[in-house]
Structures are given as C-alpha cells and as structure tokens.
2 protein chains.
Amino acid sequence: MTSTERGEAQPLRPTKQRTAVVEALAAFDDFRSAQEIHELIGRAGSNVGLATVYRTLQKLSEVGEVDMLRTEDGEAIYRRCSATHHHHLVCRSCGATVEVEGPTVERWTRSIASEHGYADISHTLEIFGTCPACR
Amino acid sequence: MTSTERGEAQPLRPTKQRTAVVEALAAFDDFRSAQEIHELIGRAGSNVGLATVYRTLQKLSEVGEVDMLRTEDGEAIYRRCSATHHHHLVCRSCGATVEVEGPTVERWTRSIASEHGYADISHTLEIFGTCPACR
DNA sequence: GACGAGTTGACAATGATTCTCAACTGACCT
DNA sequence: AGGTCAGTTGAGAATCATTGTCAACTCGTC
Ligand SMILES: [Zn+2]
Ligand SMILES: [Zn+2]
Ligand SMILES: [Zn+2]
Ligand SMILES: [Zn+2]
C-alpha cells in the first residue's frame, strides 16, 4: 500500500514543462488565454505542447494556484493569483487586473442564499470597467 | 437619410420563428442551452433552424429580454428574465433559479471600482448552491 | 401586386478544448 | 547502474458549440 491512499490532491510532479508554465504565468499580470500562454512559453525558448499547457493550467486552477475566468465569448483565461478568496476588477480595454475582497459581498451572498434555503454556497463575481490609464 | 440613424436597437421584426423561440423560453424556468431550446421548439411542433435560434437568443439578450450566462465549461445558457438589473441564485443540481437583487452589492461594486479609478462599470455575479428540494 | 431590407435555413467553416496512445521521465528500490 | 512503473508528454485527430455564407423567402409599405 502506498502512502497516497486518500483521493485528495496529489502533489504535481515537477517537470520542466510545468515549470515553464509557472514561469510564464509569473511574467504577466493580467488574464491570458491558454493559447497566449503557450505562445509566450515558445517565445521564451522552452517548447511545451499546447495540450500540456491546457492540462497544466487546468490542474493549477484546481489547486487554486491560478484563477480562471471566461471572456464575454466563453474563452477561458488564466492568471496567477493569491491563494485567498477574492474577486477581480478588470480593465475592459487593457486587461489590467486588481484583486479585490471584502466581507460585504461574502456576507450578502451568504445571507441571500440561506434566506432562500440554498445550502453549500459558492459564487462568482467579476467587475469590469475602464482603468485610469485607459480613460 | 432614414429614421433609424442612431445605432440603437431597432425593433425586431415579429416572425413565426422568433415567436417560437419566445414561446419555448416561456416554457421553462431555469437556464437552458441554445441547443436544448432548439430541441424544445422542435418537440413542440414548430421547426426552426438552429442558426436562427442562436441568432434570436443573441438578439434577445442584447435587448435584455433574456439573461445569458456561462456554464462551468463555457457553454452559453439562457433564461427569460425580468428586465430590471438582477443576479441569480442557481441550484447546482436541479437548476432551479431565483432572481435576486439588492442595493448592497450594486453599491459595493460601484465604490470598489471608483476607489481604484475604474469608470464605466459593469459586473457579473452568480450564486450557486443546493436548493431546499435537492437537500 | 410590386419592392427592398430584414430574416431564414442548410451546410460549411472556425476555433477552443479534449482525446488518444505510444514514447518518455521522475522517483524509488536493489 | 539497472529495473520498474505510475505519471506525464506531444502530435495529431476528434469534438462540439458557435458563427459565417448566401441564395431563397417574407413582412410591411407604397
Ligand atoms: Zn484572482
Ligand atoms: Zn486599462
Ligand atoms: Zn435573470
Ligand atoms: Zn435543486
């Protein structure tokens, strides 16, 4: 019997391609698509398969290392983020992103939910606008 | 020069297929995909092209007649909704949806945004949970 | 009843994401 | 150093929602 009995998240094996993805993620500050990230990695010298980039990004977001959200037209975009629960204020034109948090909304969603008898709550909240630099 | 100079929303011409879509929308209370709706229309006797269903749904959501949101895997789903600004409390297992609203979040997002100098604000907020019936 | 912009539908095309599967790797043991 | 094996990778095929194409059709208007 191995030591990894429990179905919990196993530690991802560190490979050069995973490292490449993580490094790529460290290089920008806004949300990018898997394809753009794949592109960046290529430009940076490494060569990682597109499928691998998708797989890695997916795993990283499961683990909470990155946040994933969807563009207006449904494309998934990713960003390396802090581990604590938070939301995003995203510039519609340049993509500049600010992590925001506050007990207000958390409290509000929780009370609204229980008020209607819903349990096991989760929520998504993103704010879009035009940043100062893009006025 | 015509009377429809401004790029604003022209009134949609009432056709039998648009009617069919609207009727289909009236028949359920949760969010459904364009394909499911197309399916429903077919089952109900009418016969409307899938592309038309997509186009109609898109227009209706532009006009605010229906709300559109995205499933976890990026698929667009639609629901006939009230015209006023609101958010959704959706049951993760049966899809039962409640429209919710409140000045709290509206105010919060607005203040957070201006606090960071962002203008021209919009936001998305959805709450997921398990409804009383699905406990 | 004719006219023209708006609308439709069958089908092709696009494009992001996932699947397949044989070859490769990292961690561990002898 | 060599062996073992589950985890990982990559090239390309496969999926699948959504959009584009374009000739035929339709509604409201004159
Ligand atoms: Zn984040
Ligand atoms: Zn900006
Ligand atoms: Zn709604
Ligand atoms: Zn339910």
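Below, chains carry the letters A, B, ... as their sequence lines are ordered, and counting in each starts from 1. Everything quoted here is computed from the prediction, not taken from an experiment.
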How many Å lie between [atom1] on [X] and [atom2] on [N], as a whole number?
X	N	atom1	atom2	result
B:R13	D:dT29	CZ	P	10 Å
B:N47	D:dC25	CG	P	16 Å
B:M68	D:dA17	CE	P	15 Å
B:R18	C:dT7	CZ	C1'	7 Å
B:Q17	D:dA24	CD	C1'	13 Å

For residues A:L57 and A:L25, determine if any side-chain heavy atom of one lies less than 4.5 Å from a side-chain heavy atom of the other. yes
Reading 5' to 3' through nucleotides 13-18 of chain C, protein heavy-atom contacts under 4.0 Å coded B for base, S for sugar-phosphate only, - for none: ---SBB
Shortest non-hydrogen separation from A:V100 to A:H88 and the atoms involved: CG2-N, 4.2 Å
When A:H87 is tested against each of A:E101, A:E99, A:E106 for side-chain hydrogen bond (donor to acceptor under 3.5 Å, both in side chains), which residue passes? A:E106
Looking at D:dT9, I'd like to know if its phosphate oxygens (OP1 or OP2) sit under 4.0 Å from a side-chain N or O belonging to A:T15. yes
I'd like to know whether CG of B:N47 has more than 12 heavy-atom contacts from other residues, nucleotides or ligands below 6.0 angstrom. no
Would A:H38 and A:Y54 count as a ring pair (Phe, Tyr, Trp, His ring centres under 6.0 Å) here? Give the steps. CA-CA 9 Å; A:H38 173 251; A:Y54 271 104; 8.8 Å; no
When the axes are fitted on five pairs at both termini, how much does the helix from C:dG1-D:dC30 to C:dT30-D:dA1 curve, in 10° steps? 30°
Decide whether A:L89 and B:V105 are clustered together by the hydrophobic rule: side chain heavy atoms of Ile, Leu, Val, Met, Phe, Trp, Tyr closer than 4.5 Å, transitively. yes
Out of the candidates B:V90, B:D29, B:V66, B:D30, only one should pair with B:R79 under the side-chain contact (heavy atoms from CB on, under 4.5 Å) rule; please name it. B:D29
Within 45° cone of B:F28 ring axis and under 6.0 Å: B:R32 NZ or CZ: yes
Verify the ring-centre separation between B:H123 and B:H85: is it less than 6.0 angstrom? yes
Does any donor-acceptor pair link the side chain of B:R55 with the base of D:dG20 at a separation under 3.5 Å? no
Residue B:T52, side-chain atoms from C-beta onward, closest of C:dG9, D:dG28, C:dA27: C:dG9
